[in-house]
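What follows is a single structure, written as structure tokens, with notes after it.
None of the values given here were measured: they were computed from a predicted structure. Per chain, numbering begins at 1; letters A, B, ... match sequence-line order.
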There are 2 protein chains.
Amino acid sequence: MGDIREPLRELTECGLPQALEVMGERWSFMILRASFNGLHHFEEFLSELGIARNILSNRLAKLVENGILRRDPCPDDRRKIEYRLTDKGFDLLPAMVALRQWGQKYGAEVTENPVLVDERDRLPIGPTSILSHDGRILGPQDLALVERSDLGVRADGSQADQEGSLGLGEVIDIESLRRAKSAA
Amino acid sequence: MGDIREPLRELTECGLPQALEVMGERWSFMILRASFNGLHHFEEFLSELGIARNILSNRLAKLVENGILRRDPCPDDRRKIEYRLTDKGFDLLPAMVALRQWGQKYGAEVTENPVLVDERDRLPIGPTSILSHDGRILGPQDLALVERSDLGVRADGSQADQEGSLGLGEVIDIESLRRAKSAA
DNA sequence: TACTTTAAGTTTCATGTAGCAACCTATTTT
DNA sequence: AAAATAGGTTGCTACATGAAACTTAAAGTA
């Protein structure tokens, strides 16, 4: 019943463990995707996903508990319950799309269908991207990890002297990213 | 040993199940994040993440098997093994950042540290975004799901008559998204 | 050389969680 | 009133997780 399992320890201050606490379970993202795709009812999820009844029940309850789905009893048919995404649930869209695109890129040749498109021109969306504060698309090469206290501080000529040093006030630039990228 | 568990059924053709097959397990994303942060050795992961030895061993093996990490024995100290991200692993960055940002937004007040910044100006990155093919930032309101055969076809005045109908050649626009957004 | 430590695993065993099938309860529908 | 539908719950089995002890190989140290 209660989550007795110890929560994922944070390597440092980070939202990732929190996200995984909620969405890290085996079926959570599939249910989310089904919701995005317009499924709202228990039996719909059940037959579309091929998930076990009790697990679906449990996952839906957890998603509701965590504010990702809303649980609305239907007024017209009082047997039915409508599960609908909340704003918090919608905000998982970028994460879901990014995962999906990654799976698409590296998985067995799946030609996705239906396709997620820009409504304006009905052309497929581009890759999910990390943007800078002013909207440039950033690749792994453009990213660095810095201590909060050093935000906006131009590194005074110092590359991180040793990777992984994680020293206070030290610029931890993701050197390994760059090397691996250029080496490969 | 072998993955006997039935693979996640695809609701339709979609890369998500493939991604979850690889990254959907409890510690996978935390290990990935640790890798991004410059950890490379077994005992480093072990002490930083607080994961059990056997599970770490198993997860690392799986990540290697799936081509997300490379397993390089160190030449200088032949006890040591270096686990390093492959390009395929780096490509999970948007998904990881999106998840992390979501956790950040909705989780308990965590002030993340270290911060992921744009190297050019050392200012924090913006939100991970879904872009159109020509680079516009798309919100949930701008997205629609269409059948592959209808790509680029201007919907002839037809909104999807009933959500969730999923009919062939039918425009499945994510009406529910729009309604929920505007209603909330 | 022997003695200890470190790195990266494996094994064992208790516990937790997933999945299947059957059952249950309240509503419709016929 | 009987049957079907929607959304669950319960009991059981198999698999996954986690803590602690054990293993193996290589390095450091007296």
request  = Examine D/dA16: is either OP1 or OP2 under 4.0 Å from a nitrogen or oxygen in the side chain of B/Arg26? Give yes or no.
outcome  = no

request  = Given side chain to side chain contact (heavy atoms under 4.5 Å, CB included), test A/Ile81 with A/Asp72 step by step and report yes or no.
outcome  = CA-CA 6 Å; A/Ile81 302 286; A/Asp72 300 334; over 6 Å; no

Residue from B/Leu92, B/Leu60, B/Ile31, B/Asp87 passing side-chain contact (heavy atoms from CB on, under 4.5 Å) with B/Ile68 = B/Leu92

request  = Determine: side-chain N/O of A/Trp27 to OP1/OP2 of C/dG19, distance under 4.0 Å, yes or no.
outcome  = yes

note = From CZ of A/Arg78 across to C1' of C/dT25 the rounded distance in Å is 14 Å

inquiry  = What is the separation between atom CG on B/Asn58 and atom C1' on C/dA8, rounded to the nearest whole Å?
reply    = 14 Å

key: Closest to the B/Arg53 side chain, choosing from C/dG9, D/dG8, D/dT17   = C/dG9

key: Nearest-angstrom distance from the residue atom CG of A/Leu49 to C1' of C/dC20   = 17 Å

message = For a quick test of reading the model: is some side-chain N or O of B/Ser57 closer than 4.0 Å to OP1 or OP2 of C/dA8?
response = no

inquiry  = Categorize A/Tyr83 for me: base, sugar-phosphate, or nothing, with a 4.0 angstrom heavy-atom threshold over every strand shown.
reply    = sugar-phosphate

query = NA contact type, B/Asn54, heavy-atom cut-off 4.0 Å: base, sugar-phosphate, or nothing?
reply = base

task = Send over the distance from B/Glu43 CD to D/dA26 C1', rounded to a whole Å.
result = 14 Å

ask   = Mapping A/Arg71 and B/Ala52 to their closest nucleotides on DNA chain D, which lands nearer the 5' end?
value = A/Arg71

query = So which nucleotide from C/dA8, D/dG7, D/dA26 ends up closest to the side chain of B/Asp77?
reply = D/dA26

Identified side-chain contact (heavy atoms from CB on, under 4.5 Å) counterpart of A/Leu85 within the set A/Asp91, A/Leu63, A/Leu93, A/Leu32 = A/Leu32

request  = Could you walk me through whether B/Glu48 and B/Asn37 pass the side chain to side chain contact (heavy atoms under 4.5 Å, CB included) test, one step at a time?
outcome  = CA-CA 11 Å; B/Glu48 287 299 314; B/Asn37 277 17; over 6 Å; no

remark   = Assign each of B/Glu44 and A/Ile51 the nucleotide of DNA chain C bearing its closest heavy atom; nearer the 5' end lies the nucleotide of B/Glu44

message = Using a distance-only criterion (donor-acceptor N/O pair, under 3.5 Å, no hydrogens), is the base of C/dT6 paired with the side chain of B/Arg79?
response = yes

Phosphate OP1/OP2 of D/dG7 contacted by A/His41 side-chain N/O (<4.0 Å) = yes

message = Check this for me: does any side-chain nitrogen of one of B/Asp121 and A/Arg136 sit under 4.0 Å from a carboxylate oxygen of the other?
response = yes

note = Rounded to whole Å, CD of B/Glu25 lies from P of D/dC15 at a distance of 15 Å

